[in-house]
Amino acid sequence: MGKYDPAAVEAKWRTVWEERGTDRLDLDKAEKPFYNLMMFPYPSAEGLHVGNVFAFVGSDIQGRFHRLKGFDVFEPMGFDAFGMHSENFALKNGRHPAEMVPKNIENFRENQLKKVGLMLDWSRQVDTTSPEYYKWTQWMFVTLYKNGFAYKKKAPVNWCPGCKTVLAAEQVIDGECERCTSTVVKKDMEQWYFKTTAFAQELLDELDRIDWSERTKTAQRNWIGRSQGAEVTFSVDGGPDFQIFTTRPDTLFGATYMVFSPEHPLLDQITTPEQRPALSEYRAAAAALSEVDRQAEGRDKTGVFTGADAVNPVNNERIPIWAADYVLMGYGTGAIMAVPAHDQRDFDFAVKFNLPIRQVVAPDGKMFDALPEAYVGEGLLVNSGDFNGLPAKEQGIEAVTTRLKEQGRAEFKINYRLRDWCVSRQRYWGPPIPIIYCDKCGAVAVPEKDLPVTLPYLEDYKPDGSGFSPLRRDESFFHTTCPECGGPATRETDVSDNFLCSAWYFYRYPSTEFGDRPFDAARTKKWLPVDLYVGGNEHAVLHLLYSRWLCRALNQCGHLDFVEPYKRFVAHGMIVREGAKMSKSRGNVINPDEYIREFGADAFRMYLMFMGAYLEGGDFRDGGVRAMKSFLDRLWTAVLPEEGGLAATEPEDAETRFWLHSTIKAVTADLARFSYNTAIARLMELINHVTKNRVRNRVVSEAVVKMVAPLAPHVAEEMWEQLGHSETVFAGGWPEWDEEATFRATVEYVVQINGKVRAKLDLPAGLSQEVIEPQVLDNPAVAKWLEGQTIVKKVYVQDKLMNLVVKPN
RNA sequence: GCGAGAGUGGCGGAACUGGUAGACGCACCGGCCUUAGGAGCCGGCGGUUAUGCCGUAGGGGUUCGACUCCCCUCUCUCGCACCA
């Protein structure tokens, strides 16, 4: 038996699991498939972060728990090793990613992940940088392109001067590059896009039906940003028509001026000669501003008059057209009608430039004497011609839009904030976009037989800011022949966004042995969609949105028969250390290896899960892992007593039976709802009981071992073996509880007088009020409070409490 | 501003559909054991002017009874944000 020695136990079981293939699964033979997915990491040179461990362990517990409950659990792992994170790190350290990444992967897998005790099936590892994998990433691109989901266009893009590449909107956080935090600037460039907006509505609708963490769904809803309104056609006085988008067509009569975004193309045409110099100056100033500065909160409104007037279609009124940078070219039509009385932004602008403010919504039919700010509430339409007296908002919107629609001046319209996904990157370390440009045939997709387009080894892979990838400098890569006509042609030299690699990796795991298809139809049918996906919420509008979109697109292209990739997504919390965020600059990053070496992976896993609610996150305190190690010491001696042996039958004493069965019941429920901290607390209570009462019982020991197994797999496996089993504990089934035993024979009744606790009585369980009541009333502690009082009400809750409501006589 | 979540001892955190607030653990205090202890074991631990009273951010309300439900206010975290 001996002492619990985590280092020895863990080394032993790592070897045994590997030798026996305990965690390898025959995917075709599995009868109750359960696909347990965790977000594959980017293998950084710094090694595994404690946040990764926290995420993986929480997911692994579900995998192991499900396995104990009889599921065939598939729990794979891979590496997301393409992309700027790897490349930037290599650049900074003067190394080559192609030489660095394999070493990092090796280190992650062999020295770190394998020591955490995750139930991973390493026979199906995926590495996004291997040609066998990125061949299919390129295939995704080609498939999307052929089906009209990928296109190239010139448009203002987000350019990161630090990383020297364009970024997708999702990768710009508060105006900064997600990777290097440089301030992102706008540039006009020709780039590849995926039509994410094609499914904006579907992606939104399905959120109501999928079983995902609410905050993840909320983040996606915000990001997709649906708004309903109308597109209204105005005309320039003596000039062309133009469209504006508004959510409040009911306030059309309140429009006192119009605003075009400074980037609006029509401005060139309509601005009067006198106003042209002012406009040019204003446009130049607007262009020089960064996105963040331009959209800064509370920034003073700026703008310039164009000299032109617009004609309002509802009343033929002529109102001035201004250019102002508070209107964005990228949303709606890049032009708005300004209703200063009922929109705060327009109000601020009108005040500053002394433009008229006309009230058209009157709360309770009352006109304002003065408006200190825009009124955005309910009311009746006024100053609105035929529409006067109609309730504003819904009814007004309907009526005004319908009228204009009949005149061909408006359409009901829904706008989304979501933009198409800009996927090309002017970088080296990624899958080359498989497109060939031919003078005769145009842009041609590389035929499947020619995939992958291999990423050539470039000694100098530094991005040069030219707007082209470094691959452009490789003449032998750049020049090629057209797959259609055989004539001279050039390759697309941009690589695809790393998020394309990760948008489909989970389809690959079950099909890694198939070299001739990205995923096998039968395997996919059996194993997908993913049953449970656990990960960080920071990917809510990145990976999680992209992969939902890709799933839909692949479905539409006929490659998948479902539209949502994950049945259930659970967002775990974030961990901090001693109340502070962990960061390299603060120097407070937790190194998992040290704790694992000193206290063992099992104690480390358990402490990470004990810190707080898994879904909320937790606060890592030094000393916690040590405390958990000593709990495991106590558990070890409680389960494997040195002396006295173990009684082989169900414990006879009712109190022990109560603790055992109610713990099994509670732990089962806690694990199912990710309440790992309380599950551990309950196991501690059981062990406290067992230790204090010197319980030596095999039934108790085996149940404890099984309950601990998902949390601390190595030590559980060792104890299971020492209890005389030769097969893995994970084949042993999940313990059952006896509902009867979870009730006690005597219960503590709380006696309240007017809701305040005045006495506690131990009484047999299950008695009726008639039996209990006299005992309560006769109790001296209670009787004292009843002197000189009249009982006006008695509230009785069986086996719980009796509340006497009294009044003075 | 909009949306989501949260606010409980010295600390991390419990409390299932309203029913004993503070489970479990950390830290701390006392004791035992020991040549020694950053080990182990036993006990204590919300506050207080203690037969009681007050305590779950603050203020109201509903209820026999509120951390839990409703209204208002404050604070914090996250997401979105001059998005028309």
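Numbered from 1 within each chain, the chains take letters A, B, ... in sequence-line order. All values derive from a computational prediction rather than experimental measurement.
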Practice prompt. Grab the OH-P distance between A:Y676 and B:G12 for me, whole Å please.
Written response: 23 Å
Practice prompt. Rounded to the nearest angstrom, tell me the gap between atom CZ in A:F349 and atom P in B:A84.
Written response: 18 Å
Worksheet item: Hey, does A:A669 reach any base, or is it just sugar-phosphate, or nothing, if we go heavy atoms under 4.0 Å?
Response: nothing
Discussion item. Students often get this wrong, so: under 4.0 angstrom with heavy atoms, is A:V750 touching a base, only sugar-phosphate, or nothing?
Written reply: base
Practice prompt. Take the protein atom CE of A:M684 and the nucleotide atom C1' of B:G13, then report the distance between them rounded to whole Å.
Written response: 12 Å
Practice prompt. Check ring-ring contact (aromatic ring centres under 6.0 Å, His included) between A:H661 and all other residues, then give those that pass, not counting sequence neighbours.
Written response: none
Item to complete: Identify which nucleotide among B:G5, B:A23, B:A84 has an atom closest to any side-chain atom of A:A681, counting heavy atoms from C-beta outward.
Response: B:A23
Practice prompt. With C1' as the reference atom in both, quote the distance from B:G46 to B:A15 in angstrom, rounded to an integer.
Written response: 16 Å
Worksheet entry | Whole-Å distance separating the CG atom of A:D174 from the C1' atom of B:G79 | 10 Å
Practice prompt. Considering only atom P, compute the distance from B:G40 to B:G25 and round it to an integer number of Å.
Written response: 13 Å
Worksheet item: Does the side chain of A:S630 get closer than 4.0 angstrom to OP1 or OP2 of B:A39 through an N or O atom?
Response: no
Discussion item. I'd like to know if A:D205 pairs up with A:R226 as an ion pair, taking the criterion as any Lys NZ or Arg NE/NH1/NH2 lying under 4.0 Å from an Asp or Glu carboxylate oxygen.
Written reply: no
Worksheet item: In whole angstrom, what separates A:L761's CG from B:U20's C1'?
Response: 13 Å
Fill in: B:A21 to B:U56 separation - P atoms, rounded to the nearest Å
12 Å
Discussion item. Between A:K3 and A:D5, does any NZ, NE, NH1 or NH2 come within less than 4.0 Å of an OD or OE carboxylate oxygen?
Written reply: no
Response to the item:
Read 5' to 3' with Watson-Crick or G-U pairs under 3.5 Å, [ ] for crossing pairs and | for partners on another strand, RNA chain B gives (((((((..(((......[....))).(((((.......))))).(((...)))..(((((..]....))))))))))))....
Item to complete: In whole angstrom, give me the gap between the P atoms of B:C24 and B:G43.
Response: 12 Å
Worksheet item: A:Q344 near the nucleic acid: base, sugar-phosphate alone, or nothing, with a heavy-atom cut-off under 4.0 Å?
Response: nothing
Worksheet item: A:R577 near the nucleic acid: base, sugar-phosphate alone, or nothing, with a heavy-atom cut-off under 4.0 Å?
Response: nothing
Worksheet item: What's the spacing between A:L207 CG and A:T218 OG1 if we round to 0.5 Å?
Response: 9.0 Å
Discussion item. Taking the minimum atom-to-atom distance to the side chain of A:Y331, which one of B:A84, B:A81, B:A14 wins?
Written reply: B:A84
Item to complete: Check every strand shown and say whether A:R226 touches a base, only sugar-phosphate, or nothing at a heavy-atom separation below 4.0 Å.
Response: nothing
Worksheet entry | Syn/anti state for B:G31 [syn: chi within 90° of 0] | anti
Fill in: Minimum-distance nucleotide to A:A219 side chain [options: B:G79, B:A6, B:C53]
B:G79
Discussion item. Among B:C41, B:G5, B:A84, which nucleotide has an atom closest to any side-chain atom of A:R634?
Written reply: B:C41
Fill in: B:C64 OP1/OP2 closer than 4.0 Å to side-chain N/O of A:K807
no
Worksheet entry | Nearest-nucleotide pick for A:A627, side chain only, options being B:A6, B:G25, B:A84 | B:G25
Practice prompt. When you get a sec, tell me which of B:G25, B:U20, B:A23 is the closest nucleotide to the side chain of A:Q752?
Written response: B:U20
Response to the item:
In whole angstroms, the gap separating P of B:C78 from CD1 of A:I575 amounts to 16 Å
Worksheet item: In terms of side-chain geometry, is the basic nitrogen of A:K217 or A:D208 positioned less than 4.0 Å from the acidic oxygen of its partner?
Response: no
Discussion item. Quick check against the 3.5 Å criterion: does A:D325 have a side-chain atom that pairs as donor or acceptor with the backbone of A:S261?
Written reply: no
Practice prompt. Check the angle between the aromatic planes of A:Y749 and A:Y796 and answer parallel, tilted or perpendicular using the 30° and 60° thresholds.
Written response: parallel
Response to the item:
Considering only heavy side-chain atoms of A:T218, the closest of B:A4, B:C24, B:A81 is B:A4
Item to complete: Establish, from distance only, whether the side-chain atoms of A:T302 and A:Y282 form a donor-acceptor pair under 3.5 Å.
Response: yes
Worksheet item: B:U17 and B:A6: how far apart are their P atoms, nearest whole angstrom?
Response: 13 Å
Worksheet item: Out of B:G79, B:G19, B:A84, which has the shortest distance to the side chain of A:N803?
Response: B:G19
Fill in: Test: A:D633 and A:K629 ion pair at under 4.0 Å
yes
Worksheet entry | B:A50: syn or anti, per glycosidic angle within 90° of 0 | syn
Fill in: 5' priority, RNA chain B, between A:D346 and A:V172 [closest heavy atom]
A:V172
Discussion item. Starting the side chain at C-beta, find the nucleotide from B:A81, B:C53, B:G5 nearest to A:R417.
Written reply: B:A81
Discussion item. Between the side chains of A:D622 and A:R577, is the shortest nitrogen-to-carboxylate-oxygen separation below 4.0 Å, so that they form an ion pair?
Written reply: yes
Worksheet item: Using the C1' atom in both, what is the distance from B:U68 to B:C2, to the nearest Å?
Response: 27 Å
Fill in: P spacing across the pair B:C67 / B:C80, given as an integer number of angstrom
36 Å
Worksheet item: C1' atom, B:G5 versus B:G55: distance in rounded Å?
Response: 25 Å
Worksheet item: Can you tell which of B:G13, B:C64, B:A84 lies closest to the side chain of A:R345?
Response: B:A84
Worksheet item: Does a side-chain N or O from A:N222 land closer than 4.0 Å to OP1 or OP2 of B:A4, or not?
Response: no
Fill in: Whole-Å distance separating the CG atom of A:D622 from the P atom of B:C26
15 Å
Item to complete: May I have the distance from A:R221 (atom CZ) to B:G3 (atom C1'), rounded to whole angstrom?
Response: 10 Å
Worksheet item: Are any of A:N688's side-chain N or O atoms less than 4.0 Å away from OP1 or OP2 of B:G25?
Response: yes
Worksheet entry | Touch class at under 4.0 angstrom, heavy-atom based, for A:K301 against every strand present | base
Worksheet item: Taking atom CE of A:M574 as the centre, does the number of heavy atoms from other residues, nucleotides or ligands within less than 6.0 Å exceed 12?
Response: no
Response to the item:
When A:K784 and A:G618 are each assigned the nearest nucleotide of RNA chain B, the 5'-most assignment goes to A:G618
Practice prompt. Could you tell me whether A:V792 contacts a base, only the sugar-phosphate backbone, or nothing, with contacts defined as non-hydrogen atoms closer than 4.0 Å?
Written response: nothing
Item to complete: Report yes if at least one side-chain N or O of A:R682 is closer than 4.0 Å to OP1 or OP2 of B:C16; otherwise report no.
Response: no
